[in-house]
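For reference, the structure discussed in these notes is given below.
Below, chains carry the letters A, B, ... as their sequence lines are ordered, and counting in each starts from 1.
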There are 2 protein chains.
Amino acid sequence: MKRRNTPTKEAVLNILTESGKAMSQDAIERKIAIDINRATIYRVLNRFCDDGVLHKVVAEDGKQYFALCNGCDETHQKHQHFHFKCKVCETIECLPSEVNFSIPEGYLVENVNCVLTGVCDTCS
Amino acid sequence: MKRRNTPTKEAVLNILTESGKAMSQDAIERKIAIDINRATIYRVLNRFCDDGVLHKVVAEDGKQYFALCNGCDETHQKHQHFHFKCKVCETIECLPSEVNFSIPEGYLVENVNCVLTGVCDTCS
DNA sequence: TTATAAAGGCGACATCGTCGCATTACTTAG
DNA sequence: CTAAGTAATGCGACGATGTCGCCTTTATAA
Ligand SMILES: [Mn+2]
Ligand SMILES: [Mn+2]
Ligand SMILES: [Zn+2]
Ligand SMILES: [Zn+2]
């Protein structure tokens with residue numbers, strides 16, 4: 001299963017790089033120049049997640065948002081940082097703040113999904 | 001808008017009290033004795049959330065889970081504790097571990113949604 | 001250039017949560 | 001106790017989301 005380079009991959013990655021935020025499929029589709037099928041965008045995004053290029057966040061709206069892995073922990077496959085979703089501008093960004101928690105004996109944590117919702121600095 | 005006492009309300013609250021976990025609409029519908037419409041269950045749950053009886057958690061599957069407010073923040077605005085979802089038994093529970101974070105200047109946090117996913121002690 | 005298989009387009013599907021509207025039933029005033 | 005007022009419910013429908021199957025297209029290497 002070797003990856004191939006396609007215009008779609010490149011376009012999606014460019015959008016996410018330029019924005020610097022976590023974006024949903026529909027936001028990417030709206031922002032992207034070329035016309036890409038919805039299912040294809042999801043497949044591209046999920047492939048990037050599998051390859052450790054992106055990571056996925058599920059917000060309170062139940063939607064999936066995808067962001068570049070900048071300094072994410074690759075060895076543990078965890079992205080243990082907080083995310084912030086502004087309810088005004090609707091953008092989601094990765095916060096530098098790390099997630100720290102304690103769990104009961106015998107529990108095994110495999111993934112972390114932490115989203116704070118509110119108003120960002122530019123919107124307040 | 002005064003609340004009324006109905007068999008539906010009571011049944012839903014009983015289910016959630018007995019389980020002691022956070023439950024989704026479909027799980028409640030499956031567990032409940034009487035037959036209640038899907039939309040009605042959601043309306044009951046959302047009303048309970050408005051009244052501060054329940055709180056809502058969105059898991060990585062994008063679904064909403066509802067749990068009793070036991071010792072939640074008295075303002076009923078924030079429920080700043082972690083939640084754990086076992087990928088084996090699919091149950092979600094409220095953890096005692098509080099959510100602590102630092103946020104950039106000018107940001108205002110209004111809600112917290114933190115879900116850890118993995119395997120619980122009974123399933124491991 | 002050609003064979004191989006990864007990637008994309010398209011349609012379909014299941015799920016989830018909400019809404020509008022007509023009906024039911026809880027509450028309370030009388 | 002009865003009846004009016006209105007909260008709550010049932011039902012159908014809807015839009016949004018994410019995935020899958022199948023066939024076609026295309027990137028890549030032999
Ligand atoms: Mn992130
Ligand atoms: Mn909780
Ligand atoms: Zn904002
Ligand atoms: Zn379990």
Side-chain angles (χ1 to χ4, degrees), chain A residues 1-16 22-67 85 87 90 92 111 113 115 117, chain B residues 1-16 22-67 85 87 90 92 111 113 115 117:
Chain A
M1 192 93 114
K2 211 186 301 180
R3 299 286 185 233
R4 296 179 179 178
N5 296 320
T6 68
T8 299
K9 278 180 64 174
E10 196 183 357
V12 169
L13 209 51
N14 281 343
I15 293 287
L16 283 168
M23 297 179 70
S24 60
Q25 175 274 323
D26 60 295
I28 293 173
E29 185 173 332
R30 267 183 275 114
K31 204 110 180 180
I32 217 164
I34 58 180
D35 211 63
I36 312 179
N37 184 265
R38 187 163 53 103
T40 301
I41 296 182
Y42 275 113
R43 280 186 286 228
V44 167
L45 292 170
N46 286 327
R47 255 178 266 142
F48 276 139
C49 285
D50 292 341
D51 297 346
V53 177
L54 301 180
H55 64 281
K56 184 193 295 190
V57 187
V58 177
E60 289 173 26
D61 56 8
K63 287 172 62 177
Q64 302 177 348
Y65 293 79
F66 300 85
K85 179 173 187 213
K87 66 177 186 181
E90 300 259 287
I92 294 191
N111 207 357
N113 192 84
V115 180
T117 307
Chain B
M1 193 88 113
K2 212 185 304 176
R3 299 284 185 234
R4 295 179 179 178
N5 297 321
T6 68
T8 298
K9 278 180 64 174
E10 195 183 358
V12 169
L13 209 51
N14 281 343
I15 293 287
L16 283 168
M23 297 178 71
S24 59
Q25 175 274 325
D26 59 296
I28 294 173
E29 185 172 333
R30 267 183 275 115
K31 204 110 179 180
I32 217 164
I34 59 180
D35 211 63
I36 310 179
N37 184 266
R38 187 163 53 104
T40 301
I41 296 182
Y42 274 113
R43 280 186 286 228
V44 168
L45 291 170
N46 286 327
R47 257 179 264 142
F48 276 139
C49 285
D50 292 341
D51 297 346
V53 177
L54 301 180
H55 64 282
K56 184 193 294 190
V57 187
V58 177
E60 289 174 25
D61 57 7
K63 287 172 63 178
Q64 302 177 349
Y65 293 80
F66 300 85
K85 177 172 189 218
K87 65 177 185 180
E90 300 260 288
I92 293 192
N111 206 359
N113 191 85
V115 180
T117 307

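- With sequence neighbours left out, the side-chain contact (heavy atoms from CB on, under 4.5 Å) criterion links B:Arg4 to no other residue.
- In this structure, A:Leu45 atom CG and C:dG8 atom P are separated by 11 Å, rounded to whole Å.
- The salt bridge (charged side-chain N to carboxylate O under 4.0 Å, His left out) test applied to B:Asp26 returns B:Arg30, B:Lys63, not counting sequence neighbours.
- For the helix from C:dT1-D:dA30 to C:dG30-D:dC1, the axis fitted to the five pairs at one end and the axis fitted to the five pairs at the other end meet at an angle of 30° (nearest 10 degrees).
- Rounded to an integer number of Å, the gap from A:Ile32 CD1 to C:dG9 P is 10 Å.
- Residues meeting the side-chain hydrogen bond (donor to acceptor under 3.5 Å, both in side chains) test with B:Asn14, sequence neighbours left out: none.
- Backbone-only engagement by A:Arg47 is indicated by non-hydrogen atom pairs under 4.0 Å involving sugar-phosphate atoms exclusively.
- When each of B:Thr8 and A:Ser24 is assigned the nucleotide of DNA chain D bearing its nearest heavy atom, the one mapping closer to the 5' terminus is B:Thr8.
- Within the 4.0 angstrom heavy-atom criterion, no nucleotide atom of any strand lies near A:Gln25.
- Atom-to-atom, CZ of B:Arg38 to P of C:dG17 comes out at 9 Å; the value is rounded to the nearest Å.
- Evaluation of the ring-ring contact (aromatic ring centres under 6.0 Å, His included) test over residues 44-64 of chain A, restricted to residues two or more places apart or in two chains, returns A:His55-A:His79, A:His55-A:His81, A:His55-A:His83.
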### Task
Summarise protein proximity over nucleotides 19-30 of chain C in one line of letters, 5' to 3': B for base, S for sugar-phosphate only, - for none, counting protein heavy atoms closer than 4.0 Å.
BB----BBSS--
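- Using a 4.0 Å heavy-atom cutoff across all strands shown, A:Asp61 reaches no nucleic acid atom at all.
- When the salt bridge (charged side-chain N to carboxylate O under 4.0 Å, His left out) test is applied to A:Lys31, no partner is found at least two apart in sequence or on another chain.
- Distance CD (B:Glu29) to C1' (C:dC16): 12 Å, rounded to an integer number of Å.
- Checked against side-chain contact (heavy atoms from CB on, under 4.5 Å), A:Asp51 has the following partners two or more places apart in sequence or in another chain: A:Arg3, A:Val53.
- Whole-Å rounding puts the A:Tyr42 OH to C:dG9 P distance at 15 Å.
- By the side-chain contact (heavy atoms from CB on, under 4.5 Å) test, A:Thr40 is found to be paired with A:Thr8, A:Ile36, A:Asn37, A:Arg43, A:Val44, residues two or more places apart in sequence or in another chain being considered.
- Judged as a side-chain contact (heavy atoms from CB on, under 4.5 Å), and not counting sequence neighbours, the contacts of A:Glu29 are A:Gln25, A:Arg38, A:Ile41.
- When the side-chain hydrogen bond (donor to acceptor under 3.5 Å, both in side chains) test is applied to B:Thr6, no partner is found at least two apart in sequence or on another chain.
- Counting heavy atoms from C-beta outward, B:Asn5 and B:Glu10 have side chains that stay 4.5 Å or more apart.
- Counting non-hydrogen atoms of neighbouring residues, nucleotides and ligands closer than 6.0 angstrom, the NZ atom of B:Lys87 reaches no more than 12 such neighbours.
- Bounding nucleotides for the chain A contact on DNA chain D, 5' to 3', at a heavy-atom distance below 4.0 Å, are D:dT17 to D:dT28.
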